[in-house]
*Asks:* 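I am attaching a structure below and will ask some questions about it afterwards.
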2 protein chains.
Amino acid sequence: MLSTVTTPTSPADAAVLDALAPEGGRPDGGSDAAETAVRIMVAAADAFAERGFSATTTRDIASRAGLSPAGVYVHFASKEVLLFELSRRGHLRARDLLVAAARDAADPTEALRAIIGGFSRWHAEHHQLGRIVQFEFRHLGPEHQEQVLDLRREIDGVVADVLAAGVASGEFDVEDVRGTALALLSTAIDVARWYSPGQRRTPESIERLYGELAVRLVRRHAG
Amino acid sequence: MLSTVTTPTSPADAAVLDALAPEGGRPDGGSDAAETAVRIMVAAADAFAERGFSATTTRDIASRAGLSPAGVYVHFASKEVLLFELSRRGHLRARDLLVAAARDAADPTEALRAIIGGFSRWHAEHHQLGRIVQFEFRHLGPEHQEQVLDLRREIDGVVADVLAAGVASGEFDVEDVRGTALALLSTAIDVARWYSPGQRRTPESIERLYGELAVRLVRRHAG
DNA sequence: GTCTATAGAACGATAGAC
DNA sequence: GTCTATCGTTCTATAGAC
């Protein structure tokens, strides 16, 4: 059974759902409560991405999820907890994507192309969740910020490791590894800010261009 | 007389004030009303950058400016108008910086280094205003969004023109000029998201690194 | 032009019936 | 687990005295 547990009402919802779901579907078949919790998360992701965390009301989330305002609090203790859950799951999926792409690549050049291209594409396809993950961070409470920061450091580390490997192998010529990693991540992250579907650029063309630019930026020059 | 009209209480306030002031000081000496309006804008920039537009209350802005809640409305019709004024002035200064840097450069290579390095440095030094300009855009009303978009298109055009000039002169080898311009702008804009003062990286080191990376990215390869 | 006071609406979250 | 009803707070913005 590969279908999703809720019925997405838009392609954007499908993308959010895809990024929120545990890997490989739902072995237990999904309880009613879990289904409702996911429906609330999709509704919250819609609203947070559209209006921002502070401008989103719990009433808005509830009505998008087809619930009364009180219905949300059975599944999430507060609006901030809901933001944390979206942020945590989004970071987990993005991290797993990067780790897998780096692991499966034949050499540092292909690894860099895969992770920067893939991360850029992720921020286009999942631009709603990407915006929340990258731009609503400050609205998390202090202890939730810490948990998310740990995941971010993992992500930064994957990029820095690939750069270091390429320098060691002689494929790359990079003076400031951490600074260059930061700049590369910035190009991918900023996609979530400017991308919107139905534009000229597609997630696929963004992946190709940004992966290629990353390789160009660090490749050792002839001569 | 080169001193500012208000007394900045922090280096961050001084940076905001610098970016807000009309060019070259204040010929009229500054009326009391204008001074208060600037003080409100600095207070609002502090608050918007720290908490975001929606999470900022007019009471917070007023108290930071040393006024009662009602005092703000003598100078600005609404919180949204205050955001627009900050956004408009921030975009104007950033645009002027880019236009001047591109004009004064000897060749496209130095022009690109100057505009991307300078734009990156601007987003570090003025990271408060940079955050507002780049990340609070959606909270502007529709007609104010349009006015700001016009300024953004000018900024995008400066970068694309420099890239096109470098391609024409043979200094650059760029397949997708608009896509590359977008990626370069992203690295600079994203500085406003991650930069905070007192870090290892300084605005000057960011300018050097990001200017150099920009040139590396587009330079024609030997062979 | 600044204040005190407050109107009028909306907010996050909870109580208690079913 | 979801509802209706609402508590207690906070918000933007305005009225009117000085």
Side-chain angles (χ1 to χ4, degrees), chain A residues 5-7 26 28-48 50-87 132 136 138-142 144, chain B residues 5-6 28-48 50-87 132 136 138-142 144:
Chain A
V5 289
T6 61
T7 305
R26 193 167 285 275
D28 61 346
S31 67
D32 283 2
E35 283 186 32
T36 304
V38 169
R39 211 171 63 240
I40 293 170
M41 285 194 281
V42 172
D46 275 349
F48 291 160
E50 192 177 315
R51 309 189 203 284
F53 176 76
S54 295
T56 296
T57 69
T58 53
R59 284 169 168 78
D60 186 15
I61 295 167
S63 88
R64 286 182 199 239
L67 290 171
S68 73
V72 172
Y73 289 89
V74 174
H75 302 275
F76 297 94
S78 70
K79 200 172 80 163
E80 190 268 346
V81 166
L82 197 36
L83 174 64
F84 171 62
E85 201 53 38
L86 290 174
S87 199
I132 294 165
E136 305 296 336
R138 66 173 125 194
H139 296 112
L140 292 170
H144 287 157
Chain B
V5 288
T6 61
D28 59 349
S31 67
D32 283 1
E35 284 185 33
T36 303
V38 170
R39 212 171 62 241
I40 292 170
M41 284 195 281
V42 172
D46 275 350
F48 291 161
E50 195 177 312
R51 311 188 203 285
F53 176 76
S54 294
T56 296
T57 67
T58 53
R59 284 170 165 80
D60 185 16
I61 295 168
S63 87
R64 287 183 198 238
L67 290 171
S68 73
V72 172
Y73 291 89
V74 175
H75 303 275
F76 298 93
S78 70
K79 201 172 80 163
E80 189 268 347
V81 166
L82 197 36
L83 174 64
F84 172 61
E85 200 54 38
L86 289 174
S87 199
I132 295 164
E136 307 296 335
R138 66 174 121 192
H139 296 113
L140 293 170
H144 286 158

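Numbers restart at 1 for each chain; the letters A, B, ... are given by sequence-line order, proteins then strands.
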*Asks:* Which residues, if any, of residues 57-73 of chain A bring a heavy atom under 4.0 Å of DNA chain C?
*Replies:* A/Thr57, A/Thr58, A/Arg59, A/Ala70, A/Tyr73

*Asks:* For the pair B/Thr56 (side chain) and B/Arg51 (backbone), establish whether a donor and an acceptor sit closer than 3.5 Å, ignoring hydrogens and angles.
*Replies:* no

*Asks:* Which part of the nucleic acid, if any, lies within contact of B/Ser54, taking any heavy atom under 4.0 Å across all strands shown: a base, the sugar-phosphate backbone alone, or nothing?
*Replies:* nothing

*Asks:* Counting only N and O atoms by type, is there a donor-acceptor contact under 3.5 Å from the side chain of B/Arg39 to the main-chain atoms of B/Ala65?
*Replies:* yes

*Asks:* Taking atom C1' of C/dG12 as reference, at what distance in whole Å does atom CG of A/Leu83 sit?
*Replies:* 15 Å

*Asks:* Expressed as a whole number of angstroms, how long is the span from A/Arg51:CZ to C/dA10:P?
*Replies:* 14 Å

*Asks:* Before you tell me yes or no, could you show the steps for B/Glu80 and B/His139 under side chain to side chain donor-acceptor pair (under 3.5 Å), namely the whole-Å CA-CA distance, both residues' side-chain angles and the distance that decides it to 0.1 Å?
*Replies:* CA-CA 7 Å; B/Glu80 189 268 347; B/His139 296 113; over 6 Å; no

*Asks:* To the nearest angstrom, how far is A/Ile40 atom CD1 from C/dA13 atom P?
*Replies:* 13 Å

*Asks:* Could you give the NZ-to-C1' distance, from A/Lys79 to C/dA10, as a whole number of Å?
*Replies:* 12 Å

*Asks:* Are the side chain of A/Glu85 and the backbone N or O of A/Met41 linked by a donor-acceptor pair below 3.5 Å?
*Replies:* no

*Asks:* Could you walk me through whether B/Arg138 and B/Phe53 pass the side chain to side chain contact (heavy atoms under 4.5 Å, CB included) test, one step at a time?
*Replies:* CA-CA 10 Å; B/Arg138 66 174 121 192; B/Phe53 176 76; over 6 Å; no

*Asks:* From CZ of A/Phe48 over to C1' of C/dG12, roughly how many Å is that when rounded to an integer?
*Replies:* 12 Å

*Asks:* Find the distance B/Glu80:CD to D/dA13:C1' and express it as a whole number of Å.
*Replies:* 14 Å

*Asks:* Has B/Glu136 got a side-chain atom pairing as donor or acceptor with B/Leu83's backbone, closer than 3.5 angstrom?
*Replies:* no

